[in-house]
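Read the numbers this way: they start at 1 and go in the same order the structure lists the ligands and their atoms. No hydrogens, no waters, no symmetry mates; every other heavy atom, side chains included, goes into these values.
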Amino acid sequence: MNSDIIIKLENVHVSFWQNNVGVYSLKDLITQRKSPFKSKTIINDISFEVKRGESLGIVGRNGSGKSTLLRTIAGIIKPKAGIVTVNGTFAPILAIGAGLEQELTGYENITLLLSLYGIPRKNTNAVANIREFSELSDEALRMPVKQYSSGMVARLAFSISLANDSDILIIDEVLAVGDQGFQIKCVEKIRQIKNQGKTILFVSHFPDGVRDICDNAILLEQGEITHRGLAADICEQYKMLF
Ligand SMILES: Nc1ncnc2c1ncn2[C@@H]1O[C@H](COP(=O)(O)OP(=O)(O)OP(=O)(O)O)[C@@H](O)[C@H]1O
Ligand SMILES: [Mg+2]
């Protein structure tokens, strides 16, 4: 793969097994000779490349396949067909709170995730940076994450992921539940990360954020790319869906 290209998808298909409507009982199963499950295509023949240092926005209606696409790129979902090549390391913020342990406190989650990122637990700077960016109080960080509001979870998850110094930042709807102050701060931080030359994949329902952060974008509809181009143009296409 050309070294300028950091992510490449070639004819990627993803499907999931889902309940087969109309098969409710053993009798249905025998008389209708239908399987209780059917395969549903979620990502349909998607190909694109992301250049090193590019920020790509991914927009589309609920259920159009955006998170599935990110999970496939992150290697969490195996495509049914096609090839995904990633030529770098990534810090995925795939869903708000993904990777956080509910029973552990904020501090315990920080320690756990920092050790997974290979950052020594004695690195108090890393902990202080997370605490500062999240704006969570010492008291809040001593509480189990299961007691957090969704905004607090978003603050903790996003702040921890900033400690992961990787080539690619994968962000799925991180702005959705934070309050306005935190949203502005996140957009500013993501812009800084972009200016450091990192590659960003940014899923969001907020066209302004996509336009602000991304160079290019794709619009997904029912698992297919219907439009691709400059982020500003694709945001206009996205708005026309509603
Ligand atoms: N693990 C799964 N098993 C079965 N179906 C799934 C699974 N994950 C997602 N789907 C289905 O895949 C489709 C796309 O879901 P996905 O979460 O990728 O959409 P999305 O574009 O991220 O939506 P949203 O804007 O609501 O976050 C949906 O129809 C969903 O029901
Ligand atoms: Mg999603």
Original post:
What is the ring orientation for His205 with Tyr238, classed by angle as parallel under 30°, tilted 30 to 60°, or perpendicular over 60°?
Top reply: tilted
Original post:
Under 4.5 Å between any side-chain heavy atoms of Leu69 and Leu9, yes or no?
Top reply: yes
**OP:** Please check if any side-chain donor atom of Glu224 sits under 3.5 Å from a side-chain acceptor atom of Asn44, or the reverse.
**Re:** yes
Original post:
With a 4.0 Å cut-off, would you call Lys198 and Asp165 a salt bridge?
Top reply: yes
**OP:** Please work out which of Gln222, Glu221, Lys66 has its closest non-hydrogen atom nearest to atom 20 (P) of ligand 1.
**Re:** Lys66
Original post:
With a 4.0 Å cut-off, would you call Lys185 and Glu188 a salt bridge?
Top reply: no
**OP:** Looking only at protein heavy atoms, identify the closest one to atom 31 (O) of ligand 1 and say how far it is in Å.
**Re:** Gln18 NE2, 4.1 Å
**OP:** Examine ligand 1 and decide if any of its atoms is less than 4.0 Å from a heavy atom belonging to Gly60.
**Re:** no
Original post:
Are any non-hydrogen side-chain atoms of Tyr148 and Leu136 less than 4.5 angstrom apart?
Top reply: yes
Original post:
Backbone or side chain, does Ser67 get an N/O/S atom under 2.8 Å to the Mg ion (ligand 2)?
Top reply: yes
Original post:
Judging by distance only, is a nitrogen or oxygen of Trp17 under 3.5 angstrom from one on ligand 1?
Top reply: no
Subject >> Salt-bridge contact Arg142-Glu139 (side-chain N to carboxylate O under 4.0 Å) >> reply: no
Original post:
Is the closest heavy atom of Lys40 to ligand 1 under 4.0 Å?
Top reply: yes
Original post:
Is there a heavy atom of Arg61 sitting under 4.0 angstrom from any atom of ligand 1?
Top reply: yes
Subject >> Gln222 atom CD, over 12 foreign heavy atoms within 6.0 Å >> reply: no
**OP:** Provide, to 0.1 Å, the distance between atom 17 (O) of ligand 1 and the closest protein heavy atom, together with that atom's residue and name.
**Re:** Ser67 CB, 3.8 Å
Original post:
Is Lys194 salt-bridged to Asp215, cutoff N-O under 4.0 Å?
Top reply: yes
**OP:** Would you mind checking which non-hydrogen protein atom is closest to atom 12 (O) of ligand 1, with the distance to 0.1 Å?
**Re:** Ile42 CD1, 3.2 Å
**OP:** Indicate yes or no: does an N/O atom of Arg71 lie under 3.5 Å from an N/O atom of ligand 1?
**Re:** no
Original post:
When only distance counts, is Gly65 in polar contact with ligand 1, meaning an N/O pair under 3.5 Å?
Top reply: yes
Original post:
In the protein, what heavy atom is nearest to atom 23 (O) of ligand 1, and what distance, to one decimal place, separates them?
Top reply: Gly63 N, 2.8 Å
Subject >> atom 9 (C) of ligand 1: the protein heavy-atom neighbour that sits closest, reported with distance to 0.1 Å >> reply: Phe16 CE1, 3.6 Å
